Amino acid sequence: MTALPTPARAARRAAPRRAPHPDAVRRGALALVALGALGVLALWWTGTPRVAGAADWLTGAGRITGLLAGYAAPVLLLLMARIPLLEREVGADRLARWHAYGGRYLVSLVTVHVLTVVWGYALTDGRGLWGQTVEIVFHFPDMLKATAATLLLLGTGAVSARAARRRLSYEAWYYLHLATYLAVALGFAHQLTTGADLAEGPAKAGWYLLYFSAAAVLARYRLLGPYLRDRRHRLEVAEVRAEGPGVVSVFLTGRHLEELRAEPGQFFRLQFLTPQLRWAANPYSLSAPPHPRFLRFTVKGLGGHSAALAALAPGTKVRAEGPYGAFTARRHRGGPVLLLGAGVGVTPLRALAETLPGELTLVQRARRPEDVLFRRELAAVAEQRGVRVHELLGGRAEVGDLGAALRRLVPDLARHEVYLCGPEEFGADAVRALRAAGVRADRIHHESFAF
């Protein structure tokens with residue numbers, strides 16, 4: 001196995017490219033989404049000369065929520081389309097949070113749309129709610145498809161709820177979530193055939209443009225891009241190395257790896273082509289600066305997919321999507337930096353510790369000494385770069401208040417910019433502790449494993 005590059009060489013190779021400021025990209029993306037939503041509301045407004053009586057109000061509410069739901073569906077797919085600019089500058093975890101919030105919004109809109117349309121039509125036609133529901137579902141054009149789409153969306157929303165999500169493996173959640181693509185496709189015809197605001201003219205053409213553009217972007221970045229990268233780079237497993245209890249490093253080799261232009265702190269979605277693992281692509285962070293001949297990922301066996309990586313044989317073929325993520329040196333705004341990680345969350349911090357410029361302190365949170373990762377590697381980085389490395393060991397009762405513990409290790413904590421990565425609960429506790437210690441919110445860069 002080729003030795004890891006020296007820190008100096010890795011740092012030179014990992015120098016970040018000039019790019020738009022992440023805040024500008026985030027604001028621009030949100031503004032574009034909001035502008036589209038206003039356009040949808042304007043479409044309803046111009047097509048509604050008057051509203052009179054309860055039936056009109058209910059039907060109008062159904063039209064508004066239906067239009068907004070129809071607009072939200074392709075927007076949510078675009079957030080998860082792996083568009084390089086958004087993945088790199090906004091960050092996959094932030095996009096996932098936007099997607100999750102928007103998903104709840106979409107499910108709410110669809111629910112209100114169904115209830116108000118049925119109720120409004122029932123008042124107009126003088127039918128009961130059940131009779132009107134049967135009439136709409138079985139006699140309106142494309143409504144059987146729309147009903148199936150609604151049930152799929154509601155089901156996906158149920159399994160994506162926090163309580164249900166915690167009980168599902170990543171792989172099960174991943175496959176169930178694919179139902180949203182079918183739901184959007186089934187609902188599209190219904191919007192055009194029964195949507196009064198989209199009957200003809202520019203509105204209909206714009207709706208087609210929105211949906212087919214989203215489909216084209218998804219095809220480009222979710223299907224064609226990974227296929228072409230797979231053909232170009234021919235990634236395969238070179239070595240699997242034990243790092244600690246239940247933790248292994250997987251080294252991948254391939255061709256033209258420098259063309260991936262990966263940066264420390266980023267991650268790939270990896271699909272290992274074995275009978276057990278080939279049906280899911282899971283996200284794994286680089287745990288060392290990218291090398292022209294190999295990439296290293298360090299994984300803890302938290303689920304069926306990650307646990308199975310320990311048994312991978314050298315030569316196993318790998319498909320990779322990426323690199324993704326904004327958890328890189330691009331976010332650094334100057335001044336001292338604290339790299340704060342827990343568990344396997346230290347993996348991207350390990351890569352950043354070797355390459356991020358300036359004054360660095362790394363704090364690794366672990367329950368037991370044997371759970372600490374990269375101890376020898378980090379000691380070498382500390383000696384060569386002057387990085388201060390600390391281990392915060394023990395359970396909650398032993399560590400006590402996290403903020404107080406961090407202030408003991410990093411006395412001028414409020415001056416630091418913080419790169420934070422770890423399990424969701426740890427991340428939430430750390431953000432509260434850092435804010436209480438005086439660290440500004442815009443100087444806390446957080447990468448979560450919850451997406």
Side-chain angles (χ1 to χ4, degrees), residues 33 36-37 39-48 55-80 99 102-125 127 129-158 160 176-219:
V33 172
V40 169
L41 292 176
L43 177 64
W44 172 83
W45 181 266
T46 57
T48 307
D56 277 0
W57 279 107
L58 288 167
T59 304
R63 286 171 54 201
I64 292 173
T65 51
L67 285 169
L68 288 173
Y71 168 71
V75 169
L76 291 179
L77 295 183
L78 286 171
L79 290 178
M80 293 287 100
H99 179 82
R104 293 190 288 271
Y105 170 77
L106 174 60
V107 169
S108 299
L109 285 173
V110 169
T111 302
V112 174
H113 169 68
V114 171
L115 294 176
T116 53
V117 163
V118 171
W119 194 358
Y121 280 24
L123 289 177
T124 300
D125 296 344
R127 284 194 176 97
L129 292 177
W130 176 247
Q132 189 63 55
T133 301
V134 172
E135 173 68 19
I136 289 174
V137 171
F138 291 101
H139 296 97
F140 280 39
D142 290 311
M143 278 307 303
L144 286 174
K145 294 179 183 178
T147 301
T150 300
L151 294 175
L152 284 171
L153 279 175
L154 294 178
T156 304
S160 298
L176 289 170
H177 223 65
L178 292 179
T180 56
Y181 292 96
L182 179 59
V184 172
L186 289 172
F188 179 60
H190 152 68
Q191 295 170 47
L192 295 176
T193 55
T194 60
D197 300 282
L198 304 174
E200 294 296 341
K204 186 174 184 177
W207 219 248
Y208 269 111
L209 179 62
L210 173 63
Y211 272 76
F212 281 92
S213 296
V217 170
L218 284 165

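Worth saying up front: this structure is predicted, and the values here are computed from it rather than measured.
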- Angle class for the Phe212/Tyr208 ring planes (parallel below 30°, perpendicular above 60°, tilted otherwise)?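 Geometry flag for Tyr208 against Phe212: parallel rings.
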- Message: How about CH2 on Trp207, more than 12 heavy atoms from neighbouring residues, nucleotides or ligands closer than 6.0 Å, or not?
- Response: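 Enclosed.
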- Message: Is it the case that atom OH in Tyr121 sees more than 12 heavy atoms from other parts of the structure closer than 6.0 Å?
- Response: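 Count not over threshold, so no.
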Between [X] and [Y], which heavy-atom pair has the shortest distance, and what is it?
{"X": "Gly62", "Y": "Thr116", "result": "CA-OG1, 3.1 Å"}
{"X": "Ala72", "Y": "Leu106", "result": "CB-CD1, 4.2 Å"}
{"X": "Leu43", "Y": "Thr46", "result": "O-OG1, 3.1 Å"}
{"X": "Ala69", "Y": "Val110", "result": "CB-CG2, 3.9 Å"}
{"X": "Leu109", "Y": "Thr65", "result": "O-CB, 3.7 Å"}

Which side-chain N or O atoms in residues 141-153 pair as donor and acceptor under 3.5 Å with protein atoms at least two apart or in another chain?
from   : atom 1 : to     : atom 2 : distance (Å)
Asp142 : OD2    : Thr193 : OG1    : 3.0
Thr147 : OG1    : Met143 : O      : 2.8
Thr150 : OG1    : Ala146 : O      : 2.9

- Any side-chain heavy atom of Val75 sitting closer than 4.5 Å to one from Tyr71?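 Heavy-atom side-chain distance check passes, below 4.5 Å.
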- Item | Validation row: Leu68, Trp44 side chains within 4.5 angstrom (heavy atoms) |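 With C-beta onward as the side chain, the pair stays apart.
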- Query: Quick one: OG1 on Thr180 to NE2 on His99, what's the gap to the nearest 0.5 Å?
  - Reply: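 If I round to the nearest 0.5 Å, the distance is 6.0 Å.
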- Distance, nearest 0.5 Å, that separates CG of Leu129 from CG of Leu123: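 Taking CG in Leu129 and CG in Leu123, the distance rounds to 8.0 Å.
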Quick check against the 3.5 Å criterion: does [X] have a side-chain atom that pairs as donor or acceptor with the backbone of [Y]?
{"X": "Tyr181", "Y": "Leu77", "answer": "no"}
{"X": "Tyr211", "Y": "Gly70", "answer": "yes"}
{"X": "Ser213", "Y": "Leu210", "answer": "no"}

